[in-house]
Amino acid sequence: MNWHEVVKAMLPEHLLLAGMVILLLLEILRGRPRDGFVAAFLTLAAAAAAALTLHVQGHVGAPFPGHFSVGPDASLAKFALIALALPVVLISRDDFAETRYYVLLLAALYGACLLVSSDSLPTLFLGLELMSMPVYALVLLAQLRADSAEAALKYLVLGGTATATFLMGVALLYGWSGSMSTATFAAALGSSDTLPVAGVVLVVASLFVKAAIVPFHGWAPDAYEGASVPVTAFMATIIKAGVLFAALRLFGTAPVMRPLVDVLAVLPLVSMIWGNVAAIRQTSFRRMIAYSSIAHAGYLFYALLGAGPGRAQAVIFYVIVYGIMNVLAFTVLPRGTDDERSDRLESLQGLYQRRPFAAIMLAVSMLSLAGLPPLPGFVAKFLVFRNVLAAGYTGYAVLGLVASYLGIYFYLRVIQYMFMDPATADQPAGQPRRLALAASLLCLVPAIVLAFFPGWLLDRF
Amino acid sequence: MGESAWLNGLLWLPALGMVAVALLPRGRDSLVRSFTFGCMVLQFAIAAFLYQRFDGTVAGLQFATDVPWIRDWGVGYRIGLDGLNVLLVLLTAFLGPLLVAGAWSAVHKDVKLFHAMVLFIQFAMLGTFLAQDLFLFYVFWEAMLIPMFLIIGLWGGERRIYATLKFVLYTAFGSILMLAALIYLVLHAHGTNGYMTFDLRHLSGSQLPLNTQLWLLSAFALSFAIKVPMFPLHTWLPDAHVEAPTTGSVILAGVLLKMGTYGFMKLGFPLFPEAARAMMPVIMTLAVVSIVYGACLALVQTDIKKIIAYSSISHLGYVMLGLASLDLIGIQGAILQMVSHGLVAGGLFLLVGMIYERTHSRAVADYGGLARMLPVFSVFFAILTLASIGLPTTSGFAGEFMVLLGAFNAAWPAHLAGNDMPLALAVIAVSGVVLGALYMLWLAQRILFGEARAPHAPLADLDARESVILATIVFAIFAIGLFPREPLAKTELAAREFQQRVAGETIQPGSER
C-alpha cells in the first residue's frame with residue numbers, strides 16, 4: 001500500500017467520505033435543516049474539482065494495486081458522476097430538508113467512484129452494492145405517494161436478485177481462472193467454453209437488471225414514478241452511469257467474441273425497441289422518462305460491442321451527454337403540491353405560454369435525447385453506432401438506428417404538448433425557483449459547449 | 001482567408017440573429033420583425049456580393065474555410081462555394097427577406113419564436129448547401145427538421161400537428177438510414193485512405209463492390225428522394241404544404257425540396273458513380289413518373305395550395321430527370337430549374353397566402369373573376385402561372401427546355417444502340433409540360449375569370465408591401481429567363497465535373513479536383 005497514492009489518487013472518494021461524516025455530525029449537533037444541503041453541495045463541488053484536477057493532470061496511480069487504480073479515464077468518469085449530482089442536489093432542497101437524504105446521496109456516489117476505479121471483482125462488487133443500497137432507501141424517502149413503498153420493494157427485491165446473480169457469475173469466473181481480477185472477465189469474453197461464458201452471461205445479466213434492460217426492466221417505471229423528482233433524476237442518470245462504468249471497467253478494451261456478441265447485442269436492441277415503443281403510450285412524464293432510459297441503456301450497452309479505446313470514449317461521452325440532458329429536463333419540470341397530477345404529461349400543455357424558458361430547456365433536452373443534431377445527443381448516438389459499425393456488425397447497427405428512429409415520436413410529442421397545445425385551466429402553477437434555474441444553467445452551459453465543440457471532450461481520450 | 005470571412009458571415013449571420021431575437025424583449029413584435037428583416041437583407045447583400053465575386057472559370061471551392069472540428073474523427077468545419085451550390089445559396093438568401101416581409105401581417109402568435117425559427121432554418125439551409133464535410137452536412141441536414149417542425153406545428157392550419165409529425169417522421173426515417181450508410185462509407189474510406197476523414201473531397205465509394213455501393217446509394221437516395229419528393233415517397237408533401245403557414249410553404253417549396261435534388265447532385269451520385277449509373281434507369285423512370293403523376297394529381301385538386309404542392313412534385317421530377325440524363329445541358333438545366341422552381345413556387349405560395357389572409361379560403365370553387373376585383377393580384381398570378389408553365393422569357397422555360405434537351409441528347413445514342421426506353425421516357429416527360437399548362441391555366445381561368453365571386457368580398461387589392469415582394473420575385477424570374485447565360489456560366493464547370501465524375505469510366509478516388 002502506497003500512502004502517498006492513497007491520499008492523492010483517492011482524493012475525490014476521501015472528500016465524499018468526509019462530507020458524509022460532516023453531515024452526520026451536523027445532524028447530531030445542530031439539526032438545522034438547511035445545513036445539510038449546503039454541506040452536501042460544497043462536498044460535491046470539492047470532490048468534482050478534485051476528480052477534474054486528477055484527470056487534467058493525467059494522474060495514474062494504484063493506491064491498492066490489483067484492487068483499486070486510477071487513470072485519466074477513470075478520473076473523468078468520476079468527475080462526470082459527481083458533477084452530474086450537483087444540479088440534482090440543487091433541485092433537492094425543497095423536497096428534502098433531512099440531512100440523511102444527502103448522506104445517502106453521497107454514499108451512493110462513493111460507491112460509484114469505487115467501482116469506476118476497481119481492478120478486482122470484489123472491489124467492483126463492493127462499489128456496485130454501495131451505490132445501489134442507498135437508492136433503495138432514497139426511493140422510499142419521499143413518500144409522496146402510496147405506491148412509493150411498492151416501488152421501493154420491487155426495486156429492492158430485483159436488486160437483490162441481481163446481486164446474487166452477479167456473485168454467482170463471479171464465482172464461476174473464479175472457478176475457471178482462479179483469479180479475482182477484472183481482467184478475468186475480459187479474458188472470458190474471448191472464450192467459447194461453457195464455464196467462462198456462463199460466468200460472463202450471469203455478470204452481464206445482473207448489470208442488465210441494474211441498468212433496466214428488457215426483459216429485466218420491470219422495476220424501472222414503477223421506481224421512477226414512485227420516487228420524488230430529484231431521486232428519479234439521480235437514478236436515471238448517475239445510477240445508470242455507474243452501472244455502465246462498471247460494465248466498462250469489466251470489458252476493458254477486449255473484443256467480444258461470437259457466442260457472447262449476440263447476447264450482448266440482442267437484449268439491448270430489444271430494449272431500444274421496447275423502450276421507445278412503450279414510451280409512446282405513457283401518460284406520466286416520469287414513466288415516459290423511465291422507458292426512455294430503458295432505450296438509452298440499450299444504446300449504452302451497444303457501445304460495448306466495439307473494442308479498443310473507442311469503447312471508453314463512447315460510453316463516457318454518451319453518459320455525460322445523456323446525463324446532462326436528463327437532469328436538465330428534471331430541473332425545469334413544473335412542480336406542484338399534487339405530485340401525481342403535476343407528473344401527468346398533460347400538465348405540460350401550453351408550458352411555452354406560461355414559462356417559456358422552462359419549455360425551451362425541456363425542448364432542448366427532449367431533442368437531444370431523441371438524438372437530433374445539432375444537439376449533443378446526436379454526437380453521442382453517432383459515436384455508439386460508429387463503434388458498432390467499426391466492429392463489423394452492420395446488421396445490428398442498422399437495426400439499432402431504426403430502433404432509435406422509433407423514439408423520435410414521443411420526444412416530439414412532449415414538444416407538441418408544450419408549444420402547440422393550448423393550456424388547460426387547472427394546471428399547477430409551478431413557480432420557477434432560483435435554485436432550479438441555477439441547476440438548469442449548470443446543465444445548459446456544458447450542453448452548449450458540447451454541441452459546438454464535441455471535439456473538446458472527444459479528443460481527451 | 002480574408003475572403004472566406006464573408007462566407008462565414010453569411011452562414012452565421014442568421015444564427016447570431018436568432019440569438020439576438022431570443023434576447024429581444026417580449027411584446028415588441030414590430031421590433032422583432034424589423035430586426036429579422038434587417039438580418040435577412042444584410043444576408044442577401046452578402047450573398048449577392050459573393051455571387052458577384054464567384055469565379056465560374058476556376059474549379060474547386062472558393063471562399064473556403066477548413067478547420068478541424070472533431071480532430072479524432074477527421075471531422076472538419078469545411079464550408080465553401082462551388083458551382084453546384086452558388087445559385088442555391090443565392091436563392092436561399094434571396095427568399096429570406098421575402099419570407100419575413102410576407103409574414104409581416106400574417107403571424108401574430110408567438111412572434112419572437114416564429115422569427116427565431118425562420119432565422120434558424122435559414123442558418124440550417126445555408127449550412128447544408130455550404131457544407132463540404134459529410135458530418136457537417138448531416139448535422140445541418142437534420143437540424144432543418146427542428147425549426148420546420150415548429151413552424152408547421154405552431155402556425156399552421158387545422159390539421160397542423162398531424163401534418164408536421166408526418167413531415168418529421170417521414171424525413172427522419174430517410175436520414176437514419178443515410179446515417180448508417182454515411183458511417184459505413186467513412187469507415188471504408190478510413191481503410192483505403194489510411195486516415196479517418198469526413199472531407200467530401202477525400203471520400204469516394206468507388207472502390208467498394210458494386211453490390212455494397214448499391215446498398216449505400218439506396219440509403220442516401222431514400223433520404224434524398226423523400227425530401228425531393230419523388231414518387232412514391234411524396235405523400236407527406238401535400239399535407240405539409242396545405243397545413244403549413246405561408247412562410248412554411250415558401251420555405252418548403254423554395255429551398256427545402258431542393259435539398260433532396262442537391263443531395264443527389266452533391267453526394268449521392270458522385271460518391272457512388274458505378275452504382276449511380278446502374279440505378280439511372282430506375283431513377284429516370286421514377287423522375288418521369290413523378291412528372292406525370294404529380295401533374296395528374298394537380299389536375300384534380302380543389303384546393304389551390306394542393307395544386308401548387310402537386311405541381312412541385314412534377315417540377316422537381318424535371319430536376320431529377322436532368323440530373324439523371326448525365327448530359328451537360330441536362331445537368332445545367334436541372335440546376336436552373338431548381339432555382340426557377342424556388343422562385344415560381346415560392347411566389348405562388350406567397351400569392352395564395354395573401355388571398356387566404358383576406359378570405360380564409362383556399363378552395364378553387366370559392367373564387368371567380370378576381371381579374372376584375374383584384375387586378376394587381378391577378379397580374380402577378382398570371383405572370384407566375386405562365387412562369388410555372390415555362391413560357392419563353394421566364395426562368396421556367398430555360399430550365400425545363402434544357403432538361404428536356406438533355407434528356408433527348410442522352411436518349412439518342414441509346415436509341416441508336418437499340419434501347420428505346422430513355423427515348424420513351426423523354427417523350428413522356430414532354431407530355432408533362434402539356435399537363436402542366438393544363439392544370440395551371442385551368443386554375444388561372446377558374447379563379448381569375450368568369451363571374452366575380454370571393455368569400456368576404458369586397459376585398460382589398462394587394463398593398464404596396466405585397467406588391468413589392470411579388471415584383472421582386474417576378475423581376476428575378478425574368479432576369480433568369482432572359483439572361484440564363486449569366487448564372488449558367490458560374491455553374492458550367494462544376495456541372496461538367498459532376499458529369500465526368502458520375503459518367504466517366506475511369507475514376508481515380510481521392511484525386512478529384
Side-chain angles (χ1 to χ4, degrees), chain A residues 309-310 313 317 352-353 356-357 359-360 363-364 366-367 370-375 378-379 381-392 394-395 397-409 411-413 415-421 451-461, chain B residues 15 22 26 68-73 75-77 109-110 112-113 116-117 120 123-124 127 135-136 138-146 149-150 152-156 160-161 164-165 168-169 171-188 190-191 196 212 215 219:
Chain A
Q313 189 190 36
F317 188 85
Y352 177 69
Q353 301 299 331
F357 178 75
I360 290 170
V364 165
M366 291 298 121
L367 291 170
L372 288 178
L375 296 149
F378 166 68
V379 181
K381 190 168 91 176
F382 185 92
L383 199 53
V384 166
F385 287 103
R386 188 201 65 158
N387 271 11
V388 178
L389 274 166
T394 312
V398 171
L399 288 173
L401 281 167
V402 172
S404 84
Y405 163 78
L406 296 175
I408 294 178
Y409 173 69
Y411 293 117
L412 288 183
R413 207 180 49 161
I415 297 178
Q416 178 209 317
Y417 276 131
M418 294 189 299
F419 286 84
M420 297 167 195
D421 289 352
F452 283 99
F453 307 104
W456 178 78
L457 180 58
L458 290 171
D459 294 341
R460 304 198 73 84
F461 293 93
Chain B
R26 262 201 157 185
W69 187 25
I70 306 175
R71 220 178 283 268
D72 189 37
W73 306 346
V75 172
Y77 169 72
K109 192 179 84 173
D110 298 326
K112 253 177 73 169
L113 187 65
M117 286 304 116
F120 185 2
F123 170 60
F135 189 86
L136 192 67
Y138 189 84
V139 167
F140 279 124
W141 171 272
E142 281 285 89
M144 285 187 298
L145 285 183
I146 298 166
F149 173 68
L150 287 172
I152 301 178
L154 259 162
W155 296 277
R160 58 182 190 270
I161 289 173
T164 197
L165 282 173
V168 172
L169 293 178
T171 24
F173 184 72
S175 323
I176 214 84
L177 293 180
M178 177 163 88
L179 182 61
L182 178 160
I183 301 172
Y184 192 98
L185 173 70
V186 168
L187 289 171
H188 161 75
H190 184 185
M196 183 105 159
T212 318
W215 275 109

Subject >> Heavy-atom contact with chain A under 4.5 Å, split by part of I161(B) >> reply: side chain
Subject >> Contacting region of L401(A) [heavy-atom separation from chain B under 4.5 Å] >> reply: both
Original post:
Would you find more than 12 non-hydrogen atoms of other residues, nucleotides or ligands less than 6.0 Å from W69(B) atom CH2?
Top reply: yes
Subject >> Distance in Å, I408(A) CD1 paired with F149(B) CZ, rounded so as to fall on 0.5 Å steps >> reply: 11.0 Å
Subject >> Heavy-atom pairs under 4.5 Å with chain B, option from S404(A), G371(A), A363(A), G455(A) with the top count >> reply: G455(A)
**OP:** Please identify each residue that fulfils side chain to side chain donor-acceptor pair (under 3.5 Å) with Q313(A), with sequence neighbours left out.
**Re:** D72(B)
**OP:** Output the distance between atom CZ (R386(A)) and atom NE2 (H190(B)), rounded to the nearest 0.5 Å.
**Re:** 9.0 Å
Subject >> Check: L177(B) and Y405(A) side chains under 4.5 Å, non-hydrogen atoms >> reply: no
Original post:
Where does L169(B) contact chain A at under 4.5 Å (heavy atoms): side chain, backbone, both or neither?
Top reply: both
Subject >> Minimum heavy-atom distance between A180(B) and V398(A), given as atom pair plus value >> reply: CB-CG2, 4.1 Å
Original post:
Can you check whether L458(A) reaches W73(B) side chain to side chain, under 4.5 Å on heavy atoms?
Top reply: yes
Subject >> Heavy-atom contact with chain A under 4.5 Å, split by part of I146(B) >> reply: side chain
**OP:** Check step by step if side-chain contact (heavy atoms from CB on, under 4.5 Å) holds for F382(A) and V139(B).
**Re:** CA-CA 11 Å; F382(A) 185 92; V139(B) 167; over 6 Å; no
Subject >> Inter-residue atom distance I183(B).CD1 - N387(A).CG, 0.5 Å rounding >> reply: 9.5 Å
Original post:
Does F452(A) CZ have over 12 foreign heavy atoms under 6.0 Å away?
Top reply: no
Subject >> Between CD on residue Q353(A) and NZ on residue K109(B), distance to nearest 0.5 Å >> reply: 7.5 Å
Original post:
Does some side-chain heavy atom of P356(A) sit less than 4.5 Å from a side-chain heavy atom of R26(B)?
Top reply: yes
**OP:** Can you tell which part of V168(B) gets under 4.5 Å to a heavy atom of chain A, answering side chain, backbone, both or neither?
**Re:** side chain
**OP:** Take the angle between the ring planes of F378(A) and F135(B) and call it parallel below 30°, perpendicular above 60°, tilted in between.
**Re:** tilted
**OP:** Go through A143(B), A22(B), A124(B) and name the one with the most non-hydrogen pairs under 4.5 angstrom from chain A.
**Re:** A143(B)
Original post:
Listed by chain and number, what are the side chain to side chain donor-acceptor pair (under 3.5 Å) partners of D421(A), not counting sequence neighbours?
Top reply: none
Original post:
What part of M144(B) lies closer than 4.5 angstrom to a heavy atom of chain A: side chain, backbone, both or neither?
Top reply: neither
Original post:
Would you say F419(A) and D110(B) make side-chain contact, with heavy atoms under 4.5 Å?
Top reply: no
**OP:** Any chance you could measure M420(A), atom CE, to W155(B), atom CH2, to the nearest 0.5 Å?
**Re:** 8.5 Å
Original post:
Which bit of A451(A) comes within less than 4.5 Å of chain B, counting heavy atoms only: side chain, backbone, both or neither?
Top reply: backbone
Subject >> Sub-4.5 Å side-chain heavy-atom contact between R413(A) and L165(B) >> reply: no
Original post:
What part of A390(A) is in contact with chain B, defined as an atom under 4.5 angstrom from a non-hydrogen atom: side chain, backbone, both or neither?
Top reply: both
Original post:
Taking the side chain as C-beta and beyond, is there a heavy-atom pair between I415(A) and L150(B) under 4.5 Å?
Top reply: yes
Subject >> Test item: W141(B) and P373(A) side chains (from C-beta on) under 4.5 Å apart, heavy atoms >> reply: no
**OP:** Answer with side chain, backbone, both or neither: which region of Y77(B) has an atom nearer than 4.5 Å to a non-hydrogen atom of chain A?
**Re:** neither
Subject >> Part of V388(A) within contact of chain B (heavy atom distance under 4.5 Å) >> reply: neither
